[in-house]
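Data block below; observations after.
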Amino acid sequence: MRPHTPTRIRGGRTTVLAALLSLALAAPIAAQAQDAPPAERTAATRDGVQRAELPHQYEVKGPATPAARTALAATGVSIDETHAHAVVITADRAQATAVRRLGYGLRRLPDPPGASAPPSGTRVKDFPAGYAKYHTYEEATQQIDALVAKYPDLLSKQTIGTSHEGRDILALKLSKNVTKDEAEPEVLFTAHQHAREHLTVEMALYLLDEFTSAYGSDDRITKMLDSREIWIVPDLNPDGGAYDIASGAFRSWRKNRQPAPDSQEVGTDLNRNWDFKWGCCDGSSDDPADETYRGPSAASAPEVQVVSKFVHSRIIGGKQQIKAAIDFHTYSELVLWPFGFTYDETGPGMTQDDHDTFATIGKKMAASNGYTPEQSSELYVTDGAIDDWLWGDQKVFAYTFEMYPSSAGSGGFYPKDTVIPKETSRNREAVLQLLETADCPYRAIGKEAQYCDGS
Ligand code: 0X9
Ligand code: CA
Ligand code: ZN
């Protein structure tokens, strides 16, 4: 998409320079500089310590239509918020230049917390102050293991594969008689494709906690666990999540941590890597430096392969058992449905009834949590997103939720941990609604007899 610009500061050489420089200054700093990932662009900061150059958020005034936003996204930035006549993007220096070349003015927004954090290379592996209640990958795993031990008849854990760096990717099953594969409609909840969207892991943990602890006392939850099989993949991108917090200052990292072939760059945007209309429609980037890099081929990311294979494993007797899904993201408070690769509401693979069912259920869920419902391409075109794959390839009624907050001013990707209880339980009703409709989604448009008769 965007040609590499000469202004881009390449990582390799500057890192070596930095290491030499700090060797001359002080031994401890040299050790830190060597710890910095080699592929990363670096920049000097006020204290003179060499740090990875982090992307920033900018407000961009002007783009007001899906087409204008799609053209803006083609520079390789991520679009984090859309408003009637403006957007908020995340961009590195080269991408910000590319956006200015389109004729837009950029206003830089405040960086996420951590300015006073330890220098890069220090391994803190935990969230900073104000974020302690967020779960690191290790803490989430511990909490999950404790729940499995406490509720062995309701909750079971499988490792469905590993991430690029070798972390386990988990699938939790919640159901009465959990150890048996019963003929019940299945529903899938996934979280954390994008590294910086940590609230989504808390969403998954909330669901695990809520569904186990309320079983037997809450009628709706009891009924759902008695008649559904619920799958939760709480962390699709554990490597990216760990990297985002590892320095003590949030890095605003989005992608996974897999090096791109023949490149110094690291990371594929998992939500552009799914094997349906991959790279078809200007809804992703072929430049490994970009936020929305789609990877060298469809499903090239191990994390995408692992979850794709898991979803395929739920085809039994030729029938996909998973009927509905939500993939949790942050932020903007949206309920989105397919397709993202086209502006069209209907077309090949999406009948009027399919669309109406998506929209009816989506609007009802949005009425329950106060989010805004829309087809995902209303934002901007995306290709290779998970919901397009789940519907286009597997006929799963798959939604994307963009959680709290609605804007950068309320914390953007990094809201304080005090919001976790409210903003996860806010989706309880929507999740229950989707579970309750999963035996026959077309009932939402009054066509149960036509689509769900008997089977
Ligand atoms: O761009 C994305 O992947 C999602 N936004 S985020 O800020 N979390 O990165 C939106 C995806 C919308 N498209 C589809 N759901 N298909
Ligand atoms: Ca069961
Ligand atoms: Zn996201």
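Computed over heavy atoms, backbone and side chain alike; hydrogens, waters and symmetry mates excluded. Each ligand, and each atom within it, is numbered from 1 in the order the structure gives.
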> In ligand 1, which numbered atoms sit nearer than 4.0 Å to a non-hydrogen atom of R272?
Replying inline: 1 (O), 2 (C), 3 (O)
>> Test of geometry: compute the angle OE1(E184)-the Ca ion (ligand 2)-O(K176) and round it to 10°.
In response: 160°
> Judging by distance only, is a nitrogen or oxygen of D80 under 3.5 angstrom from one on ligand 1?
Replying inline: no
> Of the backbone atoms (N, CA, C, O) and the side-chain heavy atoms from C-beta on, which set of T330 has a member under 4.0 Å from an atom of ligand 1: side chain, backbone, both, or neither?
Replying inline: backbone
> Quick one: which of S376, A73, G412 has a heavy atom closest to atom 14 (C) of ligand 1?
Replying inline: S376
> Would you say the ring centroid of W391 lies under 6.0 angstrom from that of F397?
Replying inline: yes
>> Looking only at N, O or S atoms in E182, which is nearest to the Ca ion (ligand 2)?
In response: OE1
>> So if I count the atoms of ligand 1 from 1 in the order they appear, which ones are less than 4.0 Å from some heavy atom of T400?
In response: 15 (N)
> Hey, is there an N, O or S on S175 sitting under 3.0 Å from the Ca ion (ligand 2)?
Replying inline: yes
> Any non-hydrogen atom of R254 lying under 4.0 Å from ligand 1?
Replying inline: yes
> Please state the angle at the Zn ion (ligand 3) spanned by ND1 of H329 and ND1 of H194: what is it, rounded to 10 degrees?
Replying inline: 100°
>> Using a 4.0 Å cut-off to any heavy atom of T382, which atoms of ligand 1 qualify?
In response: 13 (N), 14 (C), 16 (N)
> Does some non-hydrogen atom of W337 fall short of 4.0 Å from ligand 1?
Replying inline: no
> Does any N, O or S atom in E197 come within less than 2.8 Å of the Zn ion (ligand 3)?
Replying inline: yes
